[in-house]
Q: 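Submitted below is the structure of interest, expressed as structure tokens.
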Amino acid sequence: MFGAREWAEQNLRTLLLVVGGAIAVVAITWGVINYTQGRETAAAAVFGQAGVELRSNNLSAAVISLQRVLDEYGSSDVADAACFELADAQFRLRSYDDAQATYQRYLDDFGGDPMLVASAWGGLAAIDEQKGEYEAGAEKNLKAANLDITSFQAPEFLRHAIRCAIDANDTTTALNAFKLLDKTGTDPRNIKISRQTLVEHGFLPPTGPDE
């Protein structure tokens, strides 16, 4: 006991520093946790408001709320979805340059959801199509489909790719997209429509091995 007391007296300053440091670490950690939780709650509230605005088709207000999520809470759990929803809202408002930049930001900075990644590529393809850049649109639709050719989204991306390739007069891409669509076999009616469209534009003969 006496030895321990003597050691404690001699090393009191060190002990106080150690204990004080431990208390400071706990306090800082607690503060960071509370701050983070507070920001997550605030981000979720703004994102929720954006959802209400989207459901009300108030796209301009939704864009403001979603942009606020990214600007003020860019590291929050909802920032990923907010970025994609912002791009979609901008596209629906025909703000194609803004939508293009936001879709690309989603792919570069987020991209945690495979379905949203494919949809972002599909969104970029749709913007290319709106701008008359059909070849680029076909390529991006193909990329979106090939991310998961078995997904329910893939046939739609492939149909869009065929349409863009026809407008670009790109026979190779059009036929490659159709072959992939035909292999999915998920929607015989739309496969038949796509085949007929290719026949009408001279990309396939009136009768062929797939008929």
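Fair warning: this is a prediction, and the values are worked out from it, not measured in the lab.
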Q: Tell me yes or no: between the side chains of Glu139 and Thr173, is some donor less than 3.5 Å from an acceptor?
A: no

Q: Tell me whether Tyr96 is reachable from Trp121 by hopping between hydrophobic residues (I, L, V, M, F, W, Y) whose side-chain heavy atoms are closer than 4.5 Å.
A: yes

Q: Using side-chain heavy atoms (C-beta onward) and a distance below 4.5 Å, is Ile166 in contact with Thr197?
A: yes

Q: Please report the shortest heavy-atom distance between Pro205 and Val199, naming the atom on each side.
A: O-CG2, 3.4 Å

Q: Quick one: do Asp97 and Lys131 make a salt bridge, cutoff under 4.0 Å?
A: yes

Q: Where the side chain of Gln153 meets the backbone of Ala118, is there a donor-acceptor pair that is under 3.5 Å apart?
A: no

Q: A side-chain contact here means heavy atoms from C-beta on lying under 4.5 Å apart; do Val52 and Asn58 qualify?
A: no

Q: Tell me whether Asp182 contacts the main-chain N or O of Phe178 through its side chain, where contact means a donor paired with an acceptor under 3.5 Å.
A: no

Q: Once side-chain contact (heavy atoms from CB on, under 4.5 Å) is applied, do any residues pair with Asp148, and if so which ones, sequence neighbours excluded?
A: Thr150, Ser151

Q: Between Arg39 and Glu72, is there a salt bridge with N-O shorter than 4.0 Å?
A: no

Q: Give the C-alpha distance, both sets of side-chain angles, the deciding distance and a yes or no for side chain to side chain contact (heavy atoms under 4.5 Å, CB included) between Ile127 and Phe91.
A: CA-CA 8 Å; Ile127 293 168; Phe91 180 86; 3.6 Å; yes

Q: Is a side-chain N or O of Thr184 found less than 3.5 angstrom from the main chain of Leu181, in a donor-acceptor match?
A: yes

Q: Are the side chains of Leu204 and Leu175 in touch, meaning some heavy atoms are under 4.5 Å apart?
A: yes

Q: Report the C-alpha separation of Gln104 and Gln100 in whole Å, then their side-chain angles, then the decisive distance to 0.1 Å, and conclude whether the side chain to side chain donor-acceptor pair (under 3.5 Å) test is met.
A: CA-CA 6 Å; Gln104 192 61 54; Gln100 186 174 39; over 6 Å; no

Q: Could you check whether any side-chain heavy atom of Leu180 comes within less than 4.5 Å of a side-chain heavy atom of Phe157, counting everything from C-beta outward?
A: no

Q: Please determine whether residues Phe110 and Val63 belong to a single hydrophobic cluster, defined as Ile, Leu, Val, Met, Phe, Trp and Tyr linked transitively by side-chain heavy-atom distances below 4.5 Å.
A: yes

Q: Closest approach of Ala138 and Ala165, non-hydrogen atoms and distance?
A: CB-N, 3.9 Å

Q: Might you point out which heavy atoms bring Val69 and Ser76 nearest each other, and give the distance in Å?
A: CG1-OG, 4.4 Å

Q: Is there a path from Val117 to Tyr103 through hydrophobic residues (I, L, V, M, F, W, Y) whose side chains come within less than 4.5 Å of each other?
A: yes

Q: Between Phe152 and Met115, is the side chain to side chain contact (heavy atoms under 4.5 Å, CB included) condition met? List the steps.
A: CA-CA 10 Å; Phe152 75 92; Met115 287 180 60; 3.3 Å; yes

Q: A side-chain contact here means heavy atoms from C-beta on lying under 4.5 Å apart; do His160 and Arg163 qualify?
A: yes

Q: Are Leu158 and Leu198 linked, directly or through other ILVMFWY residues, by side chains that come within less than 4.5 angstrom of each other?
A: yes

Q: Less than 4.5 Å apart, any side-chain heavy atom of Val78 and any of Tyr73?
A: no

Q: Where do Phe203 and Asn169 come nearest, in terms of heavy atoms and distance?
A: CZ-OD1, 3.9 Å

Q: Kindly determine whether Ile162 and Asn141 satisfy side chain to side chain contact (heavy atoms under 4.5 Å, CB included), including the steps that lead there.
A: CA-CA 9 Å; Ile162 291 169; Asn141 273 310; over 6 Å; no

Q: State, yes or no, whether a side-chain contact exists between Arg92 and Asn57 at a heavy-atom distance under 4.5 Å.
A: yes

Q: For residues 80-88, run the donor-acceptor check on the side chains, cut-off 3.5 Å, and write out each pair with its distance to 0.1 Å, sequence neighbours left out.
A:
unit_1 : atom_1 : unit_2 : atom_2 : d
Asp80  : OD1    : Tyr106 : OH     : 3.2
Asp80  : OD2    : Gly112 : N      : 3.2

Q: Not counting sequence neighbours, which residues clear side chain to side chain donor-acceptor pair (under 3.5 Å) with Glu133? List them please.
A: none

Q: For Ala62 and Ala50, which heavy atoms make the closest approach, and how far apart are they?
A: CB-O, 4.0 Å

Q: Is there a donor-acceptor contact under 3.5 Å linking the side chains of Gln49 and Ser65?
A: no

Q: Less than 4.5 Å apart, any side-chain heavy atom of Leu66 and any of Leu70?
A: no

